[in-house]
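Working notes for the structure below.
This is a predicted model, so every value here is computed, not measured.
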Amino acid sequence: MPKNKLAAADALREAWTRSEVERVEIACGGGIGRTGTALACLAVIDGLPNHKAVDYIRQHYTPRAVETPWQRRFVSRF
């Protein structure tokens, strides 16, 4: 879980805003857990209800996305 949840949310909102005019890359070491969590949060920013975001990312990115309970919780509270 990010140490500063507000800073993480701000960074994701900035990435979403910047993606309208430039390429934005979201990545972590394995490209699944933290990346999937960030992508799910971006889907929420884009208007998807947070209770549907994890399933959406698992369907459209990888079935293994958002690996841990705390990652799911982060998205559900985002």
Side-chain angles (χ1 to χ4, degrees):
M1 180 168 317
K3 292 182 182 188
N4 186 326
K5 294 176 191 175
L6 291 176
D10 287 345
L12 289 167
R13 284 187 190 93
E14 179 183 349
W16 183 81
T17 299
R18 291 174 64 182
S19 71
E20 292 183 32
V21 295
E22 64 185 280
R23 183 182 171 129
V24 174
E25 184 174 326
I26 303 292
C28 66
I32 297 170
R34 291 169 290 171
T35 298
T37 301
L39 293 175
C41 290
L42 289 171
V44 172
I45 291 169
D46 196 45
L48 191 68
N50 58 0
H51 66 277
K52 294 184 177 185
V54 172
D55 288 338
Y56 179 85
I57 294 303
R58 286 179 174 170
Q59 198 172 30
H60 296 281
Y61 177 59
T62 179
R64 294 177 39 217
V66 191
E67 298 175 298
T68 67
W70 74 260
Q71 290 171 340
R72 280 187 73 87
R73 208 167 28 253
F74 186 80
V75 175
S76 71
R77 295 177 180 169
F78 190 78

Check: residues 42-59 side-chain donor-acceptor pairs under 3.5 Å, at least two apart:
| from | atom 1 | to | atom 2 | distance (Å) |
| --- | --- | --- | --- | --- |
| D46 | OD1 | W16 | NE1 | 3.4 |
| N50 | ND2 | S76 | O | 2.5 |
| R58 | NE | A65 | O | 2.8 |
| R58 | NH2 | A65 | O | 3.4 |
| R58 | NH2 | V66 | O | 2.8 |

Shortest non-hydrogen contact between V24 and A15, atoms and distance: CG2-O, 3.5 Å
OG1-CZ distance between T68 and F74, expressed to the nearest 0.5 angstrom: 11.0 Å
Straight-line distance of Y61 OH to T35 OG1, nearest 0.5 Å: 5.0 Å
hydrophobic_cluster_shared for V75 and I32, side chain cutoff 4.5 Å: no
Non-neighbouring partners of E22 that pass side chain to side chain donor-acceptor pair (under 3.5 Å), sequence neighbours left out: R18
